[in-house]
Structure formats: C-alpha cells, structure tokens
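For reference, the structure is listed below as structure tokens.
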Amino acid sequence: MINENEQLFELSGQVETIIYRNEENGYTVLELSGEESMITATGIMPMISVGENVKLMGVFKNHPTYGEQFVVSAFERAMPENLDGILKYLSSGAVKGIGPSTARRLVLEFGSDTLNVLENEPDRVASLKGISLKKAHEISEQLKSMIGIRELMIYLAGYSISASAAVKIWKKLGNNAIALIEENPYTLCEEGVGISFETADMIALSHNSPKDSRVRVRAALAHVLSHNYLNGHTCLPANKLIETTAGMLEIEPISCEAALKEMIDDNSLISDNINDKDFIFLPSMYDGETYIAARIKMLLRYPAMEIDGAEEKITEIEKTDGIEYAERQKKAISEALTKGLLILTGGPGTGKTTTLNAIIRLLKESGQKVTLCAPTGRAAQRMTAVTGEEAKTIHRMLEVSYDIEDKPVFKKNERNLLNTDALIVDEVSMVDVALLESLLRAMPLSCRLILVGDSNQLPSVGAGNVLHDLIDSGEIPVITLNEIFRQSMQSLIVTNAHRIISGEMPDLSVRDNDFFFMPDYNQERIAATVGDLCCRRLKNAYNYNLYDNIQVLSPTRKGILGTFELNNRLQKLNNPNPSRGVKVGYYVLNEGDKVMQSRNNYDILWTRDNGEYGEGVFNGDIGVMIEVNNASKTYKVRFDDRVASYDSDSVGDLELAYATTVHKSQGNEFDCVIIPMYRGAPQLMYRNLLYTAVTRAKKMLIIVGDENAMRFMVDNNRRILRYTGLKEFLTRE
C-alpha cells in the first residue's frame, strides 16, 4: 500500500535475480542492479525475468523482517537487446524449455535477433538440432504471452485498472484479452475477473455501445444480484430484479426480461418458484442453500447414534453438582444426546451456558470427541472462557487459506473431513450461508450437530438468514430457553432486554441497579456526556476505563453520535498527547489508542507474553496500539496477552474502537456498554438492534439520550428483510 503523499522514485536497471514469485498473482521479489549496489524490489511484476532491463516506479520502505525494500507501484520493461543480456535472460529459465546450453546455441545462431526469431519464426528455431517443431511453437507461444500481458497492462492502465487486476484478467482471458475486452467489456466483471460493473460500463460506453445492448443488460442483471448479495440477500424476486436493472440502465424493462430469460436458459442465473413467485439466484447462492437443505435433511434422516440413559445422566449431574435444571434445560440436554441435530436458542439469563456445559460434559463422558467453534475470534474466546473447553473460529477450524481473489478456501471439506463426533457452533445468528455450507461439507456423516444462538439478535453480515430459516422451517428440533433464572432476574440488563424483545419499554425508573438511563435531547450534549462518562465519571466511581471495561455502541457510523465522530472525540479525551501516529483511512491511529481489527488476516504474526508465537488476527479483535514506527513502517498492537506485528499494508485493517457499531459488536461482551440514543435513520431504529446492543453489557448499561427515540425502536419490530430460499428448500419433499 503506497500512500499518495509518499515521494515516488524511479529506478532503472537489469534484473539480476528472482528471489520469489507468486505465479498466481504476479507478486515478485527481485534484485535489481543499481548504480552502487543491488536493490531488492517487491510488487506485482508478472513474468519479469532475469536479464530484462526495467524501469521501476515506487517508494523505499523498511520491512520488519527483510529490511529496506523498493515497493513497486508501476514498471516498464524491455527485452534485452545486447548478446550478453539475451544470453542471461534465456539462461535464467524465463522461457520454459530453454536452459543455459540451449540458450548459448540460440544466441550463437541468431545473434541479437534471437528473441524475435523465437517469437515469430518457430520454423527457423526448429532447424536447430534437438529442438522439435512442437517445442519451437511452444516457445513462440510463451514469448507471445509475455508480450500479451505487457500490452494488456498498458491498455488497462488507461482505464485506471491496476497491474494486479491485469494479471487476473490475463489469466482468465489469455493472450486475446484485449480483443475480447474490445468486443465485450463486460467480460471484465464476470466471476473470476473481478472488475466492477461501473468500470466495465465506462469502457463500453466510451466505445459508444448501445444502452440496451444484450451484453450490457446481462452484466447489469448479474451486478444487481451481486450487489444485493452483499446486502444479505441470496436471491431476488424476478420482477424486482427487472425493475431495478431497467431503472439503473435507463432502458425499457422488456430488454431486461429478454436478457433474464436468456441467462436462465443458459444457467448463468437460476430461477426457482417460491410461494408462487419467481426468484432469481446467482448459481453459487442457489447451490449453497440447496446443499445446506439437503445435508440437514440427511442429518435428520440418518442421525448420529443415540446416547442411552440421558435422563439418568442428567439426574446424576444434579445430585453431584447440586444443580436443579429447568424442564426446558433438561429437554435440551436430552435432545442433544438422543438426536443428531439440535438448535438451542434463548436470551440472556435463560441458562444457555449452563445447559451447554452439561451437554459437553455428558457427550465427553460418553466417549464422544466434541469440537467447539464460533464465527468470530471474540466469540470463540468467550466460548472457551464459559465452557473451559478450547473453541476455535470456524475459519481456523476448517483451516482456511485464500485464493488470488482473496476468497476463502478451506482445507477441511468433503475429501478431508473434520475428526469429531459432535460439533457445537455458538453465535449461529452470525453464520451466513457460505460459511454454513463450508462447515457442513467438512462434517462427518455420523457427526452430531448442535447449533447455539439467540434468534432475536441481528442476522449475519454475510448473505442469508440462516438461524431464522432453520427455525422457521419447522423441520429441525428447536429448544428455546425462555425462563429467566432467579439470580438473573436481579439484573435489569437481563429483565429489560426481555421487555424490549417483547415490545415493552424497559424500566427506566430504577437508579441503583445495572441499567441506567440519562435523558437528553441535544446531540452535542449527549456526545459530551458520553465522553465524560468514559473518561472521568466511570473511572472515578468504578475504576472503569475505555480499554478494559467500557464500550460505546452506536447504530451508525455517521453524524455527531455516529462512530466516526465519537471515536475522534473519545480519542482526544482519552489519548490527548500521543507521541506518534499513522494515518489510516478516516482516522489517525496513535500510540495508546484502542483499535479494532476490521477483517480476518491469517498472516499477521503475534507473540504471547510467555514466548509462544503464532499468526492470525480476526475481524472484531480489540486491542491497543503500543508502537508506531513510521520510519520503518512497522506497528504493534497488544491484544490481551499477545502482541501482533503490522506493516504498512496490514495496518490498513485497523480502525479506532472507542466506539463501534452494534453490528460490529456481535459476538462480544463488555463490562459496561454506553449507548447514545437519538432519532437516527429509520432503517437503523428497530427493536432487534436495540436488543442486540443491550445484551452486549455484562455488568452495566448506560443509555444517554432521547426516551422517545428508544420508544420508537421498541415499537418498531421491523425485521431486516432478506430474500432467501433456505426455508423453502428445507420444507420441500
């Protein structure tokens, strides 16, 4: 990642050594002969080879492990022209099938015209002893590929398409890429290429392509589906898809109808009738939901082996541990032992953890190998803490890696199954269709599956409405724990959470419990009160601080009470005199700041305080920036007992975390949660979002703001509408 404010340098020289190359994406580490010494250069430089003369544009950076490197943002290359350079180039293995001895023979025979002859006159090459006509033609094709990708990169650069994207496009489209793009620019936004529809459309319209051309309409239909996939939908009603696409392209709907029929006929899109209405799916989403449904039906038809004596085992635990389980808890434990599939759901204080611990204990005592997992790192850590058993993220458990498009690829799958007898998944409300499909594909046929979650929380960030669809299908055993235990009833956080989800206003009158309301109607004053609570009042009264105990949760990122402005305010109050900082997106991250990892990154190295080391930091992990070294472009963040090392690329995954959105907080719990309450965008003012925010608090909840706004949220039982097919597929014969 090169900052636009960094000074760009230009280097010219000959490639002396290729230290490393990723053939998939063209990332290369090489040594360039400089005026005084060798220079290590890194970047996307596909097919660049020893002996080539190159001109590199970029910046010098200090890598935490490998020292100073020249990070390349653009490059120009020229095939060697003198005999020495040509010999070095061909001897390096740049052209498959030509080694040092063959290279010498070719240069002796064809001299400075060697490369031209190899590319354009394979018959002359085949006249040399030991080189067949077939081999000569293969060499010719290789050289044409090298020239083809170079020309493609130059062509695409004119449309601001990067070198790394050019490599993907060339791998997908081959040497005729430019001709194919000229013929149909929307080829660029097909799966496996990855250029946005907007960019492809800009190229097409610059060539005066008609607004209603069939290729444009087809690409737009796929684009609208993909966009809505990112918003959580696995499909769209056909009429809605046609209407949206026609409006976006400013064309008549009839053109979209014709293109859609064509795409369904050739299986580019999938149509299915659900409740007498046609729905359109991207093939990957259709395959995902139908696979989940089929695998769930198989689990129900061929369940894991029943464990005998469930009731006796429950009674024994009650006697030995002095516990008295509620009837629904007993039923859940019994169902987990006797059925191959169970959904366990319930709100705070209803005994989910107690029930889960009994299930784990009895499964293990019965000789079952039990595996625990959750969708996020924080949720997995919490699961470990409350059960005493190791829990992993689902991605880690499935041994994730990433392909050249940064899409997850799991080593655990149908051909390499998980080694377990019982799989328990917590926080299932956060699991999307793609992740559940991957999980089920890696699960042994005889494995028991127990899904745990709170069905009243927000759905997953990814596409689908998995937990609701599974429950609403009526096909799967579900135990809902709804009795609040006596010790939990003393908590207003718990009782008010249940009031909220039942559509009742929380009790705001009590001043000496764990749920506090501070009325105010002025947004600036609300923000000031939040700041004072975080940085002075709660510290003085309870010794709470923003790092270990307090988390501010807002429904939105924007506005005075959105996370952007609140983070900047709290940063100034909490860390007013930073020594060093690094600009990352909207924020400056300073030493001493509370930060959050915004995506899974399995390559970040960390070291524990006990000397243990490993790699991987996950979306939602919260820590403290403890070192900023802009000279060496190295940064360190402490996550609990681990210190993770970042470079100038990976630091872009961090953001301030004094305040975060309710969506981002899922799977986490905090000692004290503060919620600024005001009338915001209606689509963010609804009951489930308030419930999710309230249930993040363990010991104290403070709501500051407008009581009418809270009442609006409680009354608004709007559920996030998601078009999905899973429920339908589960209920079909």
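Here the structure is a predicted model, which means the values were calculated and not measured. When a residue number appears, it is its place in the shown sequence, counting from 1.
- Taking D621 as the reference, R642 meet the salt bridge (Lys or Arg N to Asp or Glu O under 4.0 Å) condition, with sequence neighbours excluded.
- For E316, the side chain to side chain contact (heavy atoms under 4.5 Å, CB included) partners at least two apart in sequence or on another chain are T320.
- Scanning for side chain to side chain donor-acceptor pair (under 3.5 Å) contacts around D308 gives an empty result, with sequence neighbours left out.
- Residues E483 and T350 are not in side-chain contact: their nearest non-hydrogen atoms beyond the backbone lie 4.5 Å or more apart.
- Between T387 and I360 the shortest side-chain heavy-atom distance falls below 4.5 Å.
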Inset, instruction - Please test V714 against Y686 for side-chain contact (heavy atoms from CB on, under 4.5 Å), starting from the C-alpha separation and ending with a verdict. - result: CA-CA 7 Å; V714 170; Y686 57 98; over 6 Å; no
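- The salt bridge (Lys or Arg N to Asp or Glu O under 4.0 Å) check on D514 picks up nothing, with sequence neighbours excluded.
- Residues N465 and T724 bring no donor and acceptor atom of their side chains to less than 3.5 Å of each other.
- Here the NZ atom belonging to K352 is positioned 7.5 Å from the CG atom belonging to L481, to the nearest 0.5 angstrom.
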Inset, instruction - Check the pair L458 / L689 against side-chain contact (heavy atoms from CB on, under 4.5 Å), numbers first and verdict last. - result: CA-CA 6 Å; L458 299 172; L689 188 129; 4.2 Å; yes
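- In this structure, CG in L225 is found 11.5 Å from OG in S268, a value given to the nearest 0.5 Å.
- With sequence neighbours left out, Q368 forms a side chain to side chain donor-acceptor pair (under 3.5 Å) with no residue at all.
- Not a single donor-acceptor pair under 3.5 Å links the side chain of E399 to the backbone N or O of K412.
- Looking only at distances, a side-chain donor or acceptor of H233 sits under 3.5 Å from a matching main-chain atom of Y723.
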Inset, instruction - Test side-chain contact (heavy atoms from CB on, under 4.5 Å) on I280 and L236 and set out the steps. - result: CA-CA 5 Å; I280 311 300; L236 284 179; 5.6 Å; no
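- A donor-acceptor contact shorter than 3.5 Å is absent between the side chain of R722 and the backbone of T234.
- Scanning both residues, S665 and F670, for their nearest heavy atoms gives CB-CE1, 4.3 Å.
- For the ring pair (Phe, Tyr, Trp, His ring centres under 6.0 Å) test, residues two or more places apart in sequence or in another chain that qualify with F410 are H395.
- Rounding to the nearest 0.5 angstrom, the gap separating the CD1 atom in I675 from the CD1 atom in I703 is 4.5 Å.
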Inset, instruction - Take R295 and E437 through the salt bridge (Lys or Arg N to Asp or Glu O under 4.0 Å) test and state the conclusion after the steps. - result: CA-CA 9 Å; R295 188 70 174 85; E437 179 193 0; over 6 Å; no
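- Scanning for salt bridge (Lys or Arg N to Asp or Glu O under 4.0 Å) contacts around K369 gives an empty result, with sequence neighbours left out.
- Checked by atom type and distance alone, the side chain of N416 pairs as donor or acceptor with a backbone atom of K411 at under 3.5 Å.
- By the salt bridge (Lys or Arg N to Asp or Glu O under 4.0 Å) test, R382 pairs with E427, E669, sequence neighbours left out.
- Residues T480 and N482 have side chains that never bring a donor and an acceptor to within less than 3.5 angstrom of each other.
- By the 6.0 Å contact criterion, NZ on K698 is enclosed, its count of non-hydrogen atoms from other residues, nucleotides or ligands being greater than 12.
- T495 contributes a side-chain N or O that, together with a main-chain N or O of S491, makes up a donor-acceptor pair within less than 3.5 Å.
- A donor-acceptor distance shorter than 3.5 angstrom exists from the side chain of R696 to the backbone of N668, with no hydrogens or angles considered.
- The CD1 atom of I296 sits 5.5 Å away from atom CG of L440, with the distance rounded to the nearest 0.5 Å.
- Under a cut-off of 6.0 angstrom, the local environment of CD in E311 is sparse, with at most 12 non-hydrogen atoms contributed by other residues, nucleotides or ligands.
- In summary, D421 and K364 do not engage in a salt bridge, as defined by a charged side-chain N under 4.0 Å from a carboxylate O.
- For L372 against E390, the heavy-atom pair with the smallest separation is CB-O, 3.7 Å.
- With hydrogens and angles ignored, the 3.5 Å screen pairs a side-chain donor or acceptor of Q329 with a backbone N or O of G351.
- Of all heavy-atom pairs between S598 and K664, the closest is O-NZ, 3.5 Å.
- With sequence neighbours left out, the side chain to side chain donor-acceptor pair (under 3.5 Å) criterion links R732 to D272, E728.
- Annotation: side chain of M397 is in contact with side chain of L418 (closest heavy-atom distance under 4.5 Å).
- Open room surrounds NZ on K331; 12 or fewer heavy atoms of other groups in view lie less than 6.0 Å from it.
- Taking every heavy atom of both residues into account, C235 and G725 meet most closely at SG-N, 4.3 Å.
- When atom types are taken as modelled, the side chain of T420 and the backbone of L423 share no donor-acceptor pair closer than 3.5 angstrom.
- For the atom pair NZ (K392) and SG (C373), the distance works out to 10.5 Å, reported to the nearest 0.5 Å.
- Looking only at side-chain heavy atoms (C-beta outward), I317 and L362 come within less than 4.5 Å of each other.
- The ring pair (Phe, Tyr, Trp, His ring centres under 6.0 Å) search around Y229 returns none, not counting sequence neighbours.
- Residue K699 qualifies as open at atom NZ: its count of foreign heavy atoms under 6.0 Å is 12 or below.
- Across all non-hydrogen atoms, the minimal contact from S366 to I307 is OG-CG2, 3.4 Å.
- Remark: aromatic rings of Y286 and F729 are close, center separation under 6.0 Å.
- Using modelled atom types, one finds no donor on one side chain facing an acceptor on the other under 3.5 Å when comparing T338 with E306.
- Among residue pairs with one or both ends in residues 319-329, those qualifying as salt bridge (charged side-chain N to carboxylate O under 4.0 Å, His left out) are D321-R361, E327-K330; sequence neighbours excluded.
- The two residues P477 and L341 make their nearest non-hydrogen contact at CG-O, 3.5 Å.
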Legend entry - salt bridge (Lys or Arg N to Asp or Glu O under 4.0 Å) between K727 and D472, intermediate numbers included: CA-CA 7 Å; K727 177 185 172 183; D472 292 347; 5.2 Å; no
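- The backbone N or O of T556 lies less than 3.5 Å from a partner atom in the side chain of S554, making a donor-acceptor pair.
- Between the N513 side chain and the Q490 main chain, a donor and an acceptor come within less than 3.5 Å of each other.
- Within a 6.0 Å sphere centred on CE of M505, heavy atoms belonging to other residues, nucleotides or ligands number more than 12.
- Judged as a side chain to side chain donor-acceptor pair (under 3.5 Å), and not counting sequence neighbours, the contacts of N273 are D278.
- Between atom OG1 of residue T345 and atom CG of residue L451 there is a gap of 10.5 Å, rounded to the nearest 0.5 Å.
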Legend entry - CA sep, side-chain torsions, deciding dist, call: V637, V624, side-chain contact (heavy atoms from CB on, under 4.5 Å): CA-CA 5 Å; V637 178; V624 180; 5.7 Å; no
